[in-house]
Amino acid sequence: MTEGIWGELVGQQKAVAVLQRAVDSGRHAVSEAQQPKSHPLRSTPENRYPTSASRYSMSHSWLFVGPPGSGRSNAARAFAAALQCNWGGCGQCNDCRTSLSGAHPDVTLLRTEQLSIGVDEVRALVGRANVSPVGGRFQVVVVEDADRITERGADALLKSLEEPAPKTVWLLCAPSADDVIVTIRSRCRELRLVTPDDDAITQLLIQRDGISPALAAHSARVAQGHIGRARMLARSDAARIRRREVLTLPSRLKTLTDCLTAAENLVKSSAEEAAQATRDLDARELSELQQALGVGSRGAKPRNAAAAIRDMEEQQKMRAKRMQRDSLDRVLTELTGYFRDVLAAQSSPETPLINQDLADEIRPLADRSSGEQAIRAMDAILAARTALEGNVAPLLAMESLMVGIARASRT
C-alpha cells in the first residue's frame, strides 16, 4: 500500500492512484491558474487544465461511493489532507494532521448524526465553500453522508457545484451514486471504492491495532469487508458476544412467543446501545446551548431559550433513532451472512463459511433444510431492512423478521 496519508485505505490501490494523480494535477492547476475568468478546477471540455499531462485528472466536485466499511469517508478525508499538503499527503505535517481532525481552516468536515441534512446545513456549507482559502491552496468541503441531503438541500448545493468559487473542492460520500439526488451526482466525478479482501483487513488489524493474527483473521472474515466492524469485533469482547447471540437466534425460534421475545430483546438492546452512545454527547450539547443562550442569567430570554432547547432535543431524538436503526442494520447484516453460509453449505459444501466458528450449527441446518428455505429467510431480512428504511416501527419490523426466519427454518 502507498505510504503517507493513504496508508489506511485498505485494498484501494486503484482509487489511491486516481486521487494521487488528481492531487498532482490540482497542485499544478493552482500554480498555473492565474488567468482571468478561469476556474482552475472547472469541469469543462476545453482547456480544463494548463497542460495536457494533467488534463481531466482533477475536478471541483467528487462523489466517493462504496459499500459500507470500504473507507469512502476515510478516502475523502485523506484526499482533502493531500490537497493541502506540500508533499501531496505525507501524513506527518500540520496540514495533514489538522485536515484529518477537522481543525484545518480550509477543510470543513460534515458528519451528521441525524436522519437527513437539511437546507440550512447545506447553505452554511455553501457559505463556507465560498470563502477564499487561508492557506492559498484549496477550500475543501467534505460531506460524509451526501445521500442524506434533502431535495431542498440539493437545490441549495446545486449552484455551488455548477459555478464553484475559485479553489473550492466538494467531496461528497455515499454508499452508491443512486443514493444521491440525480442533479447532484450528475455534476460530480465519481470514484468507486471496493470491498477490501480479508487478508488486507487482517494485516491492517495486526499492524495498526496490535491484534493477534488468529483474532484478526477471524474478525476480518466475519466482518465481510467492513473495516470498522472488523476492528470493533477484534477489540471488544462485548461485540463478539452480541454477534454470537444474534447468530444463534435462528436455532432458537421455535414458537411465536420465541419470535416476539427475540424481536423485543433486539429492539431493547439496540435502544440501550444508542442511549449509551449518545448520553454524554446529549448532556454536553445541552449544557453548551444553555450557556450560549444565557439560561439562568439575568439577560436570558426564556421563551426563545425554551424553543431552542426543544429543537435540540428533537434533533437528539432523531440522532438516537438513527443510531438504533444502524444497530439493527448490523443485526440484519449478521443474519444475512448466516443464511448465506447455509445456502453455500447446501449448494457447494467446499465453499469456506463466513461464520466458520458456527459451522456445527450451520451445516446441520443446511442438511435438514432446502435452498428455497434459506432464500426465503434472506428475503425476510431484506424486507426488514426495507421496512426500517421506510421508518416502520423497529419492533414491528423485527417481529415480522423473526416470524419470517422461523417459518423459513421450519423443517
L335 side chain near V246 side chain, heavy-atom distance below 4.5 Å:
yes
V403 side chain reached by E399 side chain, heavy atoms, under 4.5 Å:
no
List the atom pairs, with distances to 0.1 Å, where a side-chain N or O of residues 222-233 and a protein N or O form a donor-acceptor pair under 3.5 Å, not counting sequence neighbours.
residue, atom, partner, partner atom, Å
H226, ND1, G228, N, 3.3
H226, ND1, R229, N, 3.0
R229, NE, E334, OE2, 3.3
R229, NH2, E334, OE2, 2.5
R231, NE, D209, OD1, 3.0
R231, NE, D209, OD2, 3.4
R231, NH2, D209, OD1, 3.0

Given Q346 and S369, is the side chain to side chain donor-acceptor pair (under 3.5 Å) satisfied, shown in steps?
CA-CA 9 Å; Q346 292 168 336; S369 61; 3.2 Å; yes
Tell me, with the steps shown, if R189 and L63 meet side-chain contact (heavy atoms from CB on, under 4.5 Å).
CA-CA 6 Å; R189 177 177 178 181; L63 178 59; over 6 Å; no
Can you tell me if R208 has over 12 outside heavy atoms packed within less than 6.0 Å of its CZ?
yes
D258 side chain to T261 side chain, donor-acceptor N/O pair below 3.5 angstrom:
no
Using 0.5 Å steps for rounding, measure from the CD1 atom of I405 to the CG atom of D379.
11.5 Å
Between L382 and L332, is any pair of side-chain heavy atoms under 4.5 Å apart?
no
Can you tell me if R192 has over 12 outside heavy atoms packed within less than 6.0 Å of its CZ?
no
Check this for me: does any side-chain nitrogen of one of R187 and E162 sit under 4.0 Å from a carboxylate oxygen of the other?
yes
For A408 and Q373, the nearest pair of non-hydrogen atoms, with its separation, is O-CB, 2.9 Å
Compare every heavy atom of V65 with every heavy atom of S176, then report the nearest pair and how far apart it is.
C-CG1, 3.7 Å
Looking only at atom types and distance, does a side-chain atom of R152 sit under 3.5 Å from a main-chain N or O of G118, one as donor and one as acceptor?
no
Pairing of R322 and D326 as salt bridge, 4.0 angstrom limit:
yes
Listed partners of Q92 passing side chain to side chain contact (heavy atoms under 4.5 Å, CB included), at least two apart:
C90
Side chains of L83 and F79 in contact at under 4.5 Å (non-hydrogen atoms)
yes
Could you go through the side-chain contact (heavy atoms from CB on, under 4.5 Å) check for L157 and T183 one step at a time?
CA-CA 10 Å; L157 177 59; T183 54; over 6 Å; no
Sequence neighbours left out, what passes salt bridge (charged side-chain N to carboxylate O under 4.0 Å, His left out) with D179? Give chain and number order.
none
All heavy atoms of A366 vs all of A345, minimum pair found to be CB-CB, 3.7 Å
Worked verdict on Q20 versus W6 for side-chain contact (heavy atoms from CB on, under 4.5 Å)
CA-CA 9 Å; Q20 287 181 317; W6 315 104; 3.4 Å; yes
For R340, enumerate each residue passing the salt bridge (charged side-chain N to carboxylate O under 4.0 Å, His left out) test, keeping only those at least two apart in sequence or located in another chain.
none
Flag for R252-T248: side-chain donor and acceptor within less than 3.5 Å
yes
Heavy-atom check, side chain of V126 versus side chain of K159, under 4.5 Å:
no
Less than 4.0 angstrom from a charged side-chain N to a carboxylate O is my criterion; do E273 and R242 meet it?
yes
What is the distance from atom OG of S251 to atom CG of L365, rounded to the nearest 0.5 Å?
8.5 Å
Any donor-acceptor N/O pair, R72 side chain to G66 backbone, under 3.5 Å
yes
Find out whether F138 and D106 are in side-chain contact, i.e. whether some heavy atom of one side chain is under 4.5 Å from a heavy atom of the other.
no
Distance, nearest 0.5 Å, that separates SG of C259 from CZ of R407
8.5 Å
Strictly by modelled atom types, are T333 and R385 linked by a side-chain donor-acceptor pair under 3.5 Å?
yes
How many angstroms lie between CG in L215 and OG in S219, if you round to the nearest 0.5 Å?
4.0 Å
Verify whether one side chain among Q84 and S99 offers a donor that lies under 3.5 Å from an acceptor in the other.
no
Indicate whether any N or O donor in one side chain lies under 3.5 Å from an N or O acceptor in the other, for R330 and S270.
no
I'd like to know if the side chain of D197 reaches the main chain of D199, judged simply by a donor and an acceptor atom lying under 3.5 Å from each other, with no hydrogens or angles considered.
yes
Answer whether the closest heavy-atom distance between the side chains of L388 and D329 falls below 4.5 Å.
no
Calculate, to the nearest 0.5 Å, the distance between atoms CD and CD1 belonging to E151 and I149 respectively.
12.0 Å
Would you confirm whether S101, through its side chain, and T98, through its main-chain N or O, come within 3.5 Å as a donor-acceptor pair?
yes
What is the distance from atom OG of S160 to atom CG of L125, rounded to the nearest 0.5 Å?
9.5 Å
Closest non-hydrogen atom pair between A234 and L205, with its separation:
CB-CD1, 4.3 Å
Side-chain donor-acceptor contact under 3.5 Å, Q139 with T168:
no
Closest approach of A156 to V122 (non-hydrogen atoms, all atoms of both residues)
CB-CG1, 3.9 Å
Counting only N and O atoms by type, is there a donor-acceptor contact under 3.5 Å from the side chain of S327 to the main-chain atoms of M323?
no
With R77, which residues qualify under salt bridge (charged side-chain N to carboxylate O under 4.0 Å, His left out), at least two apart?
E144
L191 side chain reached by L19 side chain, heavy atoms, under 4.5 Å:
yes
All N/O donor-acceptor pairs, side-chain side in residues 351-358, below 3.5 Å, sequence neighbours left out:
residue, atom, partner, partner atom, Å
T351, OG1, S348, O, 3.1
T351, OG1, S348, OG, 2.8
N355, OD1, R243, NH2, 2.9
N355, ND2, D341, OD2, 3.1
D357, OD1, R243, NH2, 3.0
D357, OD2, R243, NH1, 3.1
D357, OD2, R243, NH2, 3.4

side-chain contact (heavy atoms from CB on, under 4.5 Å) between C93 and W87: does it pass, once the steps are laid out?
CA-CA 9 Å; C93 68; W87 296 275; 4.1 Å; yes
Smallest separation among heavy atoms of M58 and A22, with atom names:
SD-O, 3.6 Å
Any donor-acceptor pair under 3.5 Å linking the side chain of H60 with the backbone of L161?
yes
